[in-house]
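When a ligand or atom number is given, it counts from 1 through the structure's own listing order.
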Amino acid sequence: MDDMGGFSPGFHGRAHRFEGRLPPGQYPAEDFPVLSAGPTPQVPTETWSFTVTAEDGRSRAWSWAEMMDLPQEEPAVDIHCVTRWSKFDTNWRGVSLDVLLDEVETAADFVVAESYDGYTTNLPLEELTDGKAWLAHTFDGLPLSPEHGGPARLLVPHLYFWKSAKWVKGLRLTPQDEPGFWETAGYHNHGDPWREQRHWDDQ
Ligand SMILES: Nc1nc2c(c(=O)[nH]1)N[C@H]1C(S)=C(S)[C@@H](COP(=O)(O)O)O[C@H]1N2
Ligand SMILES: [Mo]
């Protein structure tokens, strides 16, 4: 028998199917764990808005209806949490961040995502463009549930899931990198699951 690294026999077939898609140190999860630093904020779509603010203070905001009128995509992606669960082929619907970021002129290289619960997370702007990230409002064909970040969250599947800010209310473009909630609490600044960038002192 080949080396299954301690996975149960039931996982054998799936392991083959998902070969090469499980980052180091991760295990495949069937369920969808909820991980929130605090209580779940209630954010009605009637008052929801999403704002992109440039480094000079100029901004562009979308209401829920305006956001829903933008071109929509349906990413099917693998997600990876730093607590070691990964989930394959998750199905979302949302707006590519390319569409939203295209509306704002900027020379900044970094972004701070800001959420309705006060959560923040920082990313290089280039990690959010070229079809790599979305503002997601639908999961598995249903409105995204509040505990998973509804009405809308970031979806940045190529980085650990703490970068996918739930209840996101906007992006702030910054010339300098500004570490966010977990990044100032010891998590890695970048968070690439394929390089196991879990903690601040990982390479
Ligand atoms: N606003 C906000 N976004 C957040 C968090 C949070 O506490 N608040 N937790 C992060 C962490 S650590 C993870 S692993 C994922 C968990 O998303 P899930 O609860 O949908 O699995 O959301 C991320 N986004
Ligand atoms: Mo997390």
Side-chain angles (χ1 to χ4, degrees), residues 22-45 47-53 64 67 74-95 97 100 110-124 127-128 132-172 178-202:
L22 192 64
Q26 298 291 111
Y27 68 87
E30 284 296 342
D31 56 345
F32 191 175
V34 171
L35 286 125
S36 306
T40 294
Q42 300 302 318
V43 186
T45 54
T47 54
W48 180 93
S49 68
F50 184 81
T51 306
V52 178
T53 308
W64 187 261
M67 183 273 291
E74 297 196 337
V77 293
D78 301 345
I79 54 178
H80 313 288
C81 178
V82 73
T83 62
R84 299 187 181 273
W85 58 267
S86 291
K87 199 169 165 58
F88 298 119
D89 297 324
T90 59
N91 291 295
W92 305 81
R93 187 173 166 81
V95 177
L97 288 193
L100 301 160
F110 300 95
V111 173
V112 177
E114 301 178 319
S115 294
Y116 282 98
D117 64 338
Y119 185 87
T120 56
T121 187
N122 58 305
L123 305 106
E127 299 292 344
L128 297 182
K132 293 194 291 292
W134 295 266
L135 176 65
H137 53 73
T138 298
F139 180 79
D140 261 353
L142 295 172
L144 183 61
S145 65
E147 64 268 25
H148 284 300
R153 75 180 298 163
L154 286 192
L155 175 62
V156 192
H158 70 287
L159 298 176
Y160 281 127
F161 212 35
W162 87 75
K163 297 287 185 182
S164 293
K166 306 199 277 190
W167 316 294
V168 68
K169 68 173 182 185
L171 302 178
R172 191 161 53 81
E178 295 179 23
F181 178 82
W182 283 119
E183 293 84 1
T184 53
Y187 281 21
H188 196 277
N189 194 55
H190 187 233
D192 181 346
W194 294 97
R195 294 159 74 183
E196 280 214 85
Q197 294 175 333
R198 299 175 189 277
H199 303 115
W200 67 272
D201 57 348
D202 292 334

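Here's the thing with K166: one of its N/O atoms is less than 3.5 angstrom from an N/O atom of ligand 1. Any N or O atom pair closer than 3.5 Å counts here, and H148 shares at least one such pair with ligand 1. Distances between N or O atoms of D117 and those of ligand 1 include at least one value under 3.5 Å. At a 3.5 angstrom cut-off on N or O pairs, A165 does not count as close to ligand 1.
Atom 11 (C) of ligand 1 has its closest protein heavy atom at W162 CA, 3.6 Å. For atom 6 (C) of ligand 1, the closest heavy atom belonging to the protein is Y119 CD1, 3.4 Å. The nearest heavy-atom contact from the protein to atom 9 (N) of ligand 1 is L35 O, 3.2 Å. Counting protein heavy atoms only, atom 24 (N) of ligand 1 is closest to S164 O, 3.2 Å.
Applying the 4.0 Å criterion to heavy atoms of A37 picks out, from ligand 1, the atoms 6 (C), 7 (O). For ligand 1, the atoms sitting less than 4.0 Å from at least one non-hydrogen atom of W182 are 12 (S), numbered in the order shown with element in parentheses. Per-residue contacts place C81 under 4.0 angstrom from the following atoms of ligand 1 (heavy atoms of the residue considered): 14 (S). Listed by number with element, the atoms of ligand 1 under 4.0 Å from a non-hydrogen atom of V34 are 19 (O). Close approach to P33 involves these atoms of ligand 1, each under 4.0 Å from a residue heavy atom: 18 (P), 19 (O), 21 (O). For ligand 1, the atoms closer than 4.0 angstrom to any heavy atom of F32 are 20 (O), 21 (O). Proximity to W85 (heavy-atom distance under 4.0 Å) selects the following atoms of ligand 1: 21 (O). Within the listing of ligand 1, atoms 15 (C), 17 (O), 18 (P), 20 (O), 22 (O) sit less than 4.0 angstrom from a heavy atom of R153.
Remark: P24 engages W194, E196 in a side-chain contact (heavy atoms from CB on, under 4.5 Å) (not counting sequence neighbours). Checked against side-chain contact (heavy atoms from CB on, under 4.5 Å), N189 has the following partners two or more places apart in sequence or in another chain: N122, D177, P179, E183.
Checking side-chain atoms of D78 against main-chain N and O of D89 turns up a donor-acceptor pair under 3.5 Å. The main-chain N or O of W85 is found under 3.5 Å from a side-chain atom of Q26 such that the two form a donor-acceptor pair. A distance-only check finds no donor-acceptor pair linking the side chain of T121 to the backbone of G180 [under 3.5 Å].
Using a 4.0 Å cut-off between heavy atoms, F161 contacts ligand 1 through both its backbone and its side chain.
Here the closest non-hydrogen pair linking W64 and A152 is CZ3-CB, 4.1 Å.
Distance CG/L144 to NZ/K166: 9.0 Å, rounded to 0.5 Å. For the atom pair S115 OG and R153 CZ, the distance stands at 9.0 Å (nearest 0.5 Å).
Here E178 pairs with R172 in a salt bridge; the nearest charged N to carboxylate O distance falls below 4.0 Å.
Checked against the 6.0 Å centroid threshold, F139 and F32 count as a close aromatic pair.
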